[in-house]
Protein chains: 2
Amino acid sequence: MTRVKNINTWLTHLTQESKTSLSVDCVIFGYDEEGLKVLLIDCNMPPYEGKKSLLGDLVQMNETLEDAVIRVLQRRTTLTDLYFEEVKAYSDPNRHPLGRVVTIAYYSFIKISDYKIHDSEDKHLEWIPINDIDELAFDHRLILDESYKSLKKKIRNHPIGFTLLPEKFTLMQLQNFYETVLQIKMDRRNFRRKLNSLDLLIDLNEIQNNVSHRPAKLYSFDFKKYNKLMEKGLLNFTI
Amino acid sequence: MTRVKNINTWLTHLTQESKTSLSVDCVIFGYDEEGLKVLLIDCNMPPYEGKKSLLGDLVQMNETLEDAVIRVLQRRTTLTDLYFEEVKAYSDPNRHPLGRVVTIAYYSFIKISDYKIHDSEDKHLEWIPINDIDELAFDHRLILDESYKSLKKKIRNHPIGFTLLPEKFTLMQLQNFYETVLQIKMDRRNFRRKLNSLDLLIDLNEIQNNVSHRPAKLYSFDFKKYNKLMEKGLLNFTI
DNA sequence: TCAAAAGTGTTCAGCGTACACCCATGC
DNA sequence: GCATGGGTGTACGCTGAACACTTTTGA
């Protein structure tokens, strides 16, 4: 009987020559008062000198891809509750000048003020506003575009935004967040009704002060209630 | 200046010891009159002898992941317009008994009658009804579950179903397809109205014959119209 | 004439969308 | 008092969901 040797059926060892380098690349989205930005680093690898690239690294032998992403993210931040999502694998044999490197792309989304810059490499790091990014090294522009598309989809059905705002926020700050990230305009009255109907905001009975206009009420997000409702599968969170 | 060596910034070569085996695994969903099935193969690799596994293979040096998927699918079918979607990467260092194998999971969905069994390996191949599948080799049960979830989501927004039915089909056949794949019941009148309102079915002015009940009208799907509308981005296909 | 599936309409509730005016504060 | 953003309500159209009876055919 001829039998095709196959990784899932019958094989006795893995050969060196079929192995490949594997990396993770992370589109780190950041949000602050100025808007939506992406953390990029200078690439000095020919032929991409002068271009910026995403943060990423080779995956080590004893870690999962998720471990590698956490490593990439934590090299630069002290945050522990990191949020990230897998986007897609990129495997063009010619995508990397050093040879074959398959990369799995992830995106993360953090509050820029929580981000700690802390090693000598950091001078090559920069938060670039999403709309100011032009060409990137490797296929990173493509990765960025597909990640951003994926983020925009995700953010309308998951309360990612609430961890990126100050603990106490106004409805206008919240709406600005969605408008900035989604790059659309929303109707103020409809937005407020929508958020109220979700019944997940805690009215703190506090107001802004020192603003030269009518002060807005402050809210916080009821993560406990959200988690409880999601566990029971009985919440349709859509914005 | 200390500088972290990094795949995206500054590195002169790729070392052997950081390389890993890479595979693709494909959840091949199939549909026929009997329902939704998955193509599985016997696994003879310790410690999984006697279990079934998904179809997959190691990725070769000069192919993309998509090339590898097509190779896996075409080893067993003569179809050219293969449909497949990436699901997720699985990278637990202990997921494979031969050593570290990172796998990228894909699902495909085909008409079982189009599928050609054609080599000696095939006697180990079987279409198993989705609800009859128990444990699988490796982490393939997890991969199957996550792929099925992903398929169910996809199928409500993309006309995948229409390639899996006979060219001429009745509305009941179409509804059965959705009910079977989604494992839900749908209201007949609402379903028919929905499909009519999409205005993508071609009324063939033909009816079933030799059925011992009122014969149903036959339809086909207007792929041309669908593609045209989708290009213009002006169709919200949801079932 | 019976069994079996085909075919058909209406009502209701919820949700997204569009839209304009008065209010509270600091300067 | 004026500039600035905060706060509010209504009307309409679309869509999903629930629900029962008549029609056509073969046996």
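Every chain is numbered from 1, with letters handed out A, B, ... down the list of sequences.
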*Between dA5(C) atom P and F169(B) atom CZ, what is the distance in whole Å?*
20 Å
_Distance in angstrom units between E206(A) CD and dG6(D) P, rounded_ = 17 Å
*To the nearest 0.5 Å, tell me how far N8(A) CG sits from D42(B) CG.*
12.0 Å
*asked:* To the closest 0.5 Å, what do you measure between CG (L151(A)) and CG (L182(A))?
replied: 8.0 Å
*Once you round it to whole Å, what is the distance between P of dT25(C) and CD1 of I207(A)?*
6 Å
*Tell me: NE2 of H213(A) to C1' of dA3(D), nearest whole Å?*
11 Å
_Please determine whether a side-chain nitrogen of the Lys or Arg among K88(A) and D139(A) lies less than 4.0 Å from a carboxylate oxygen of the Asp or Glu._
no
*More than 12 heavy atoms of other groups within 6.0 Å of K152(A) NZ*: yes
*Return each pair, listed once, that meets ring-ring contact (aromatic ring centres under 6.0 Å, His included) where at least one residue sits in residues 141-160 of chain B; pairs must be two or more places apart or across chains.*
F29(B)-Y148(B)
_Integer-rounded Å distance: dG16(C) C1' and N236(B) CG_ = 13 Å
*So what is the end-to-end bend of the helix from dT1(C)-dA27(D) to dC27(C)-dG1(D), with 5 pairs used at each end and the value given to 10 degrees?*
10°
*Contacts to DNA chain D from residues 182-201 of chain B, heavy-atom cutoff under 4.0 Å, which residues?*
D187(B), R189(B), N190(B), R193(B), K194(B)
*Take the protein atom NZ of K217(B) and the nucleotide atom P of dA5(C), then report the distance between them rounded to whole Å.*
21 Å
_How many whole angstroms separate atom CG of L235(A) from atom P of dC15(C)?_
12 Å
_Both L171(B) and S212(A) contact DNA chain C. Taking the nearest nucleotide for each, which residue is further toward the 5' end?_
L171(B)
*Does D145(B) come within less than 4.0 Å of K149(B), counting only side-chain N to carboxylate O?*
no
*Rounding to a whole Å, what distance do you find between I239(B):CD1 and dA17(D):P?*
13 Å
*State the CG-CG distance between D57(A) and L22(A), to the nearest 0.5 angstrom.*
11.0 Å
*Would N196(A) and R193(A) satisfy side-chain hydrogen bond (donor to acceptor under 3.5 Å, both in side chains), going step by step from the backbone distance to the final call?*
CA-CA 5 Å; N196(A) 277 323; R193(A) 182 175 37 255; over 6 Å; no
*Report the residue (R214(B) or T170(A)) whose heavy-atom-nearest nucleotide on DNA chain D is the more 5′ of the two.*
T170(A)
_Applying side chain to side chain contact (heavy atoms under 4.5 Å, CB included) to V38(B) and I128(B), what does each step give before you reach the verdict?_
CA-CA 5 Å; V38(B) 179; I128(B) 314 276; 5.6 Å; no
